[in-house]
Amino acid sequence: MDTTKKLRELISALQDGALPDADLELALAALQGSDGRQAWDLYHLIGDALRDASASASAPALSPDFRARLAERLASEPPPLRRAAVAVEPTGLAAVLAKTASSS
């Protein structure tokens, strides 16, 4: 798999709140680069546009059938592969965050 694509998928999952703890450290490291930060900003812009949260003059207007076309394209994509849940001891940043949360 393309490394850039994988990192963008991790950033997208982080933004959606769906990132497995095992991938947190890698996603946060990806955000340190300009490509990662651009992906983060773009995913937030897309989310804002889809939620109509940024209906200001600076936000581009979506065509009336945008949502229908997007739904159609998403429906034609194969479903994502599900990974089996694996119990993993957190390491690195994930371990620090877990320890901090449990001591609060």
Side-chain angles (χ1 to χ4, degrees):
M1 175 180 266
D2 179 11
T3 304
T4 302
K5 182 178 178 182
K6 177 63 178 175
L7 292 177
R8 287 183 179 175
E9 288 175 359
L10 293 175
I11 292 168
S12 177
L14 176 64
Q15 191 266 335
D16 291 340
L19 183 71
D21 289 342
D23 294 330
L24 180 62
E25 192 170 358
L26 185 56
L28 292 175
L31 288 173
Q32 299 303 310
S34 63
D35 287 342
R37 188 62 195 177
Q38 284 178 332
W40 178 262
D41 292 342
L42 177 62
Y43 295 147
H44 277 280
L45 179 62
I46 291 168
D48 289 347
L50 291 174
R51 287 187 300 276
D52 289 331
S54 61
S56 68
S58 64
L62 299 176
S63 63
D65 62 340
F66 174 80
R67 287 188 176 148
R69 288 184 293 127
L70 177 62
E72 183 180 311
R73 287 191 64 186
L74 289 174
S76 70
E77 297 227 350
L81 298 175
R82 305 281 286 167
R83 291 190 288 184
V86 177
V88 177
E89 256 328 283
T91 60
L93 181 58
V96 171
L97 293 173
K99 184 176 181 180
T100 303
S102 67
S103 65
S104 297

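Atom CG of residue L7 and atom CG of residue D2 lie 9.0 Å apart, to the nearest 0.5 angstrom. The CG atom of D23 sits 5.0 Å away from atom CG of L10, with the distance rounded to the nearest 0.5 Å. Atom-to-atom distance recorded for I11:CD1 and L42:CG is 10.5 Å, nearest 0.5 angstrom. Atom CD of Q15 sits about 14.5 Å away from atom CZ of R8, to the nearest 0.5 Å.
Side-chain contact between W40 and L14: present, with at least one pair of heavy atoms (C-beta onward) separated by less than 4.5 Å.
Residue G36 comes nearest to L31 through the heavy atom pair O-CD2, 3.6 Å, listed as atom of the first residue, atom of the second, then distance.
Under the side chain to side chain donor-acceptor pair (under 3.5 Å) criterion, D65 pairs with S63, R69, not counting sequence neighbours. L70 is linked by a side-chain contact (heavy atoms from CB on, under 4.5 Å) to L50, F66, L74, counting only residues two or more places apart in sequence or in another chain.
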